[in-house]
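Mind looking over this structure? Questions follow.
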Amino acid sequence: SLAGLLSIYPPQANFAMQNLFASHDVDRIASMVRNPNRPYDQKNRMQDNPAYDISRPSDRDYASVKLMAAFQMTFPGAPLIWYGDEAGMYGTDDPANRMPMWWRDLMPYDNPDHNIREDVMAHFKHLIAIRNAYPALRSGRWAGLLADDQAKIFVYERRDTERRLIVALNNDRIPHTVNLNLPDARGTYVNLMDRKSVTYLKKKVQGLDAERPQIEIDPDAPKFSPTDGVLHIDLLPKSAAIFLEIAK
């Protein structure tokens, strides 16, 4: 389905397409996850649907939000974050989705549930630093590699003339091992989602005259090599892996 959508438009349009999960028109993504099995932007107004769960989303809900962010930051298009989603804000459709931003220097708020989810914030920052570091994630070719509905696994690649990145998403509540056929694999791989394998720095982004947070691979980062053209990927529940190919 995604390949079909991308084929409708020229690449330059896809790369500029605004990709967003939430905005002023819908409920926040954390609350969308908290209230599943509804059509998008339906039955999401507190004043119209008393059954809508307005409570603070759980750790389980935020795990899905993190997985969605990994997809958003690695798929073709321009990611847009509705203010506060990166801090774990939640709420129904208008007007709750327009709640003032949770600012760290103004805490604590009267509602003790209104506090920044530091793990969610750190996750968004990490993904953005990865995207800033590799132009292939912004303007590289996209290709689907594996879609397993039963295991809820989705794997695709982003590639340009310099870099190849493989993104593996596990939308299941149990861990999975993916045996990915890569007959054209040419080197070893590093999982950029392993924060112990990278360091953060601020420097100019390739193609932009501006400095942005980026990552740099630690020389001692664990390396993964395909065996007979097969890359073995271990995925925790509701998790993502982003493998950068390193040429021999």
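Throughout, residue positions are numbered sequentially from 1 according to the sequence presented.
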(request) Measure the spacing between CE of Met32 and CG of Asp27 and express it to the nearest 0.5 Å. (result)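 It is 4.5 Å, given to the nearest 0.5 Å.
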
(message) Rounded at 0.5 Å granularity, tell me how far CD1 in Ile81 sits from CD in Glu86.
(response)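 Here the rounded value is 6.0 Å.
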
(request) Step by step, work out the side chain to side chain contact (heavy atoms under 4.5 Å, CB included) result for Arg164 and Tyr189. (result) CA-CA 10 Å; Arg164 180 190 198 185; Tyr189 291 79; 3.6 Å; yes

(request) Report the C-alpha distance between Arg34 and Ser55 in whole Å, list the side-chain angles of each, state the deciding distance to 0.1 Å, and finish with yes or no for side chain to side chain donor-acceptor pair (under 3.5 Å). (result) CA-CA 8 Å; Arg34 185 73 174 166; Ser55 65; 3.3 Å; yes

(request) Only one of Gln214, Arg195, His126 passes side-chain hydrogen bond (donor to acceptor under 3.5 Å, both in side chains) with Tyr200; say which it is. (result)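 Passing option: His126.
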
(message) To check you understand the geometry: which heavy-atom pair defines the closest contact between Asp59 and Arg117, and what is its length?
(response)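 Looking at all heavy atoms of both residues, the shortest contact is OD1-NH1, 2.8 Å.
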
(message) Within 45 degrees of the ring normal and closer than 6.0 Å to the centroid, is that where the cationic atom of Arg28 sits relative to Tyr83?
(response)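 Yes, cation above the ring, under 6.0 Å and within 45°.
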
(request) Supply the atom-to-atom distance Leu192 CG to Asp194 CG, rounded to the nearest 0.5 angstrom. (result)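 It comes to 9.5 Å.
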
(message) Do Trp82 and His24 make a side-chain contact, defined as non-hydrogen atoms from C-beta onward lying under 4.5 Å apart?
(response)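 In short, these two side chains touch, coming nearer than 4.5 Å.
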
(request) Indicate yes or no: does Arg98 engage Asp94 in a salt bridge with an N to O separation below 4.0 Å. (result)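 Asp94 and Arg98: salt-bridged.
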
(request) May I have the step-by-step check of salt bridge (charged side-chain N to carboxylate O under 4.0 Å, His left out) for Arg141 and Glu157, ending in yes or no? (result) CA-CA 8 Å; Arg141 180 179 65 86; Glu157 71 172 10; 3.0 Å; yes

(message) Regarding Lys66 and Asp119, does a basic nitrogen lie under 4.0 Å from an acidic carboxylate oxygen?
(response)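 So Lys66 pairs with Asp119 through a salt bridge.
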
(message) Quick check: closest heavy atoms across Pro219 and Lys223, and the distance to 0.1 Å?
(response)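 Minimum heavy-atom contact is O-NZ, 3.3 Å.
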
(request) For residues His232 and Phe224, establish whether the separation of their ring centroids is below 6.0 Å. (result)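 Here the rings of Phe224 and His232 have centres that are no less than 6.0 Å from each other.
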
(request) Run the salt-bridge test on Lys204 and Asp209 with the 4.0 Å N-O cut-off and return the result as yes or no. (result)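 Yes.
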
(request) May I ask you to decide if the ring planes of Tyr156 and Trp142 are parallel, tilted or perpendicular, using 30° and 60° as cut-offs? (result)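 Geometry flag for Trp142 against Tyr156: tilted rings.
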
(message) For a 4.5 angstrom cut-off between non-hydrogen side-chain atoms, does Ser64 reach Asp61?
(response)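 Heavy-atom side-chain distance check fails, nothing below 4.5 Å.
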
(request) Indicate yes or no: at least one non-hydrogen side-chain atom of Arg163 is less than 4.5 angstrom from one of Leu137. (result)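 No, their side chains stay 4.5 Å or more apart.
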
(message) Working to the nearest 0.5 angstrom, can you tell me the gap between Met193 CE and Leu236 CG?
(response)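 Between Met193 CE and Leu236 CG, I get 11.0 Å after rounding to 0.5 Å.
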
(request) Please report the closest heavy-atom contact between Ser197 and Val190, naming both atoms and the distance. (result)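 Where Ser197 meets Val190 most closely, the heavy atoms are CB-CG1, 4.4 Å.
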
(message) Could you check whether any side-chain heavy atom of Ile54 comes within less than 4.5 Å of a side-chain heavy atom of Thr92, counting everything from C-beta outward?
(response)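 Heavy-atom side-chain distance check passes, below 4.5 Å.
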
(request) Specify the closest pair of heavy atoms between Asn170 and Pro175, including all atoms of both residues, with the distance to one decimal. (result)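 Answer, listing the atom of Asn170 first, then Pro175: ND2-CA, 4.0 Å.
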
(request) Indicate the atoms forming the closest heavy-atom contact of Gly91 with Ser31, along with that distance. (result)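 Heavy atoms of Gly91 and Ser31 come nearest at N-OG, 2.8 Å.
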
(request) Please name the pair of heavy atoms, one in Ala30 and one in Tyr62, separated by the smallest distance, quoted to 0.1 Å. (result)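 Ala30 and Tyr62 have their closest heavy atoms at CB-CE2, 3.8 Å.
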
